Amino acid sequence: MDAKLKVPLPRKAKVKLWTDVSYHDMEEIDKLQSIPELESALCRVFASEDVPEPRRGILLELYVQTLLFCRRSGFTKEQTSALLSIIRSIHEVNTETLDDNTEQCLEYCKDLLLCHSVRRPPFSVALFSGDRVTSCLEYIYSNYMRHSKLYKYTFIPQLKLDLSFTYPGMPEEEEEEEGEDPTQDSSVPVPDDEAVMENEAGEVEPEKLPETKEASPPEAEGAAQSQAVNQSDSPCSKSELKEMIEKEVGQQMALLSAQLEKRMKEMASGINVTLEQLSSGKQKK
């Protein structure tokens, strides 16, 4: 994906009354009963037309379920509008980074609910009573925070690590042209066995081959050493070295990936235990 992740910034809780859903929107939504009609209205209100599937369907289901919860709980238009915007704000914080920011989302959720339960204009409004703040908190825990990692996985572009190696001194592999015989070199003429040449007198005589000179023992020894060095630096030996390095790096990457996956599972289980403790504590109160 070409989408770029934003750098997570500290969020300050603000009043969300009529931020996304206006009073006129709530009047129109209250007239609707069927799920498709509610999805169409909320898609228009939250401008979700440009969100690709399946993300758009997941968001609309989240908003519709929140709206139905507000209706079951007897929330007013103001309370419903505020809770929908709170859900949207928590989702934005959760999906703006790949890091595990569950604690940050929980703190931001508490600050938002507190901002709508205490009368201190213009910083907060007394929109929710104590009982309704508790019910909203339990609803957000059960329906969003427990599945926050799934939302993060779905809405955040996934990053993949791709390793490539270059080895200095290795010749680049050139593709052979089609139809060309690699065993023959067209630039070197092949002499005929019966090749002849004509001298100044016009007589024809066989072509003479260049004389070869035997190398002296020191020269022969130096040539043998040079040939051994060239063989040691041949592309074949470098190719074997390349395969060994890639195999070792692949094993180390697989080990690191397994350790990372194990660590993520441990963190997820720890977060689930914390959420269950918080939920049980709220129920006892």
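Remember, predicted model here, so these are calculated numbers, not experimental data.
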> Any side-chain heavy atom of Leu68 sitting closer than 4.5 Å to one from Ile35?
Replying inline: yes
>> Looking at Ser48 and Val51, would you say the former's side chain and the latter's main chain have a donor-acceptor pair under 3.5 Å?
In response: no
> Mind checking whether Tyr63 and Phe46 have parallel, tilted or perpendicular rings, split at 30° and 60°?
Replying inline: parallel
> To the nearest 0.5 Å, how far apart are CD1 in Ile58 and CZ in Arg55?
Replying inline: 9.0 Å
>> Using modelled atom types and a 3.5 Å cut-off, is there a donor and acceptor pairing between side-chain atoms of Thr154 and backbone atoms of Leu150?
In response: yes
>> Quick check on Lys149: does its NZ atom have over 12 non-hydrogen neighbours (other residues, nucleotides or ligands) under 6.0 Å away?
In response: yes
>> When you measure from the side chain of Ser89 to the backbone of Ser85, do you find a donor-acceptor pair of N or O atoms at a distance under 3.5 Å?
In response: yes
>> For a quick test of reading the model, state the closest non-hydrogen atom pair linking Ser124 to Val15 and the distance between them.
In response: CA-CG2, 3.9 Å
>> Once you measure the plane-to-plane angle for Phe75 and Phe69, does it fall in the parallel (<30°), tilted (30-60°) or perpendicular (>60°) bin?
In response: perpendicular
>> Regarding Ser81 and Tyr23, do their side chains bring together a donor and an acceptor under 3.5 Å, going by distance alone?
In response: no
> Considering all heavy atoms of both residues, which atom of Leu38 and which atom of Arg71 are nearest to each other, and what is their separation?
Replying inline: CD2-NH2, 3.8 Å
> Side chain of Thr134, backbone of Gly130: donor and acceptor closer than 3.5 Å?
Replying inline: yes
>> How long is the straight-line distance from NZ of Lys31 back to CD1 of Ile29, given to the nearest 0.5 Å?
In response: 11.5 Å
> Of all heavy-atom pairs between Met145 and Ile90, which one has the smallest distance, and what is that distance?
Replying inline: SD-CG2, 4.2 Å
>> For a 4.5 angstrom cut-off between non-hydrogen side-chain atoms, does His116 reach Glu78?
In response: no
>> Is it the case that the side chain of Asn143 and the backbone of Tyr139 share a donor-acceptor pair, with hydrogens and angles ignored and the cut-off at 3.5 Å?
In response: yes
> Hey, does the side chain of Lys77 reach the backbone of Glu27 with a donor-acceptor pair shorter than 3.5 angstrom?
Replying inline: no
>> Testing the 3.5 Å rule here: is there a donor-acceptor pair between the side chains of His91 and Tyr151?
In response: no
> Rounded to the nearest 0.5 Å, how far does CG of Leu67 lie from OG1 of Thr80?
Replying inline: 6.5 Å
>> Given Asp100, which partner from the list Leu98, Thr97, Thr102 fulfils the side-chain contact (heavy atoms from CB on, under 4.5 Å) test?
In response: Thr102
> Has the side chain of Ser117 got a donor or acceptor atom that lies under 3.5 Å from a matching backbone atom of Leu114?
Replying inline: yes
> Between the side chain of Arg56 and the main-chain N/O of Glu49, is any donor-acceptor distance below 3.5 Å?
Replying inline: yes
>> What's the separation between atom CD in Glu37 and atom CG in Leu42, rounded to the nearest 0.5 Å?
In response: 12.0 Å
>> If the threshold is 4.0 Å, N to carboxylate O, is there a salt bridge linking Glu243 and Lys247?
In response: no
> Can you name the residues that form a side-chain contact (heavy atoms from CB on, under 4.5 Å) with Val93, not counting sequence neighbours?
Replying inline: Arg11, Glu96, Asn101, Gln104, Cys105, Tyr108
>> Is any side-chain heavy atom of Leu59 closer than 4.5 Å to one of Phe155?
In response: yes
> Atom CD in Glu92, atom CZ in Arg88: separation rounded to 0.5 Å?
Replying inline: 5.5 Å
> What pair of heavy atoms forms the shortest contact from Asp20 to Val45, and how long is it?
Replying inline: O-CG1, 3.4 Å
> Quick one: salt bridge (charged side-chain N to carboxylate O under 4.0 Å, His left out) partners of Asp111, sequence neighbours excluded?
Replying inline: none
>> Check this for me: Glu61, atom CD, are more than 12 non-hydrogen atoms of other residues, nucleotides or ligands nearer than 6.0 Å?
In response: no
>> I need the minimum non-hydrogen distance between Lys16 and Leu112, along with the two atoms involved.
In response: CE-CD2, 4.2 Å
> Looking at SG of Cys136 and CD1 of Ile86, how far apart are the two atoms once the value is rounded to the nearest 0.5 Å?
Replying inline: 7.0 Å
> Hey, does Arg132 have a side-chain heavy atom less than 4.5 Å from the side chain of Ser73?
Replying inline: no
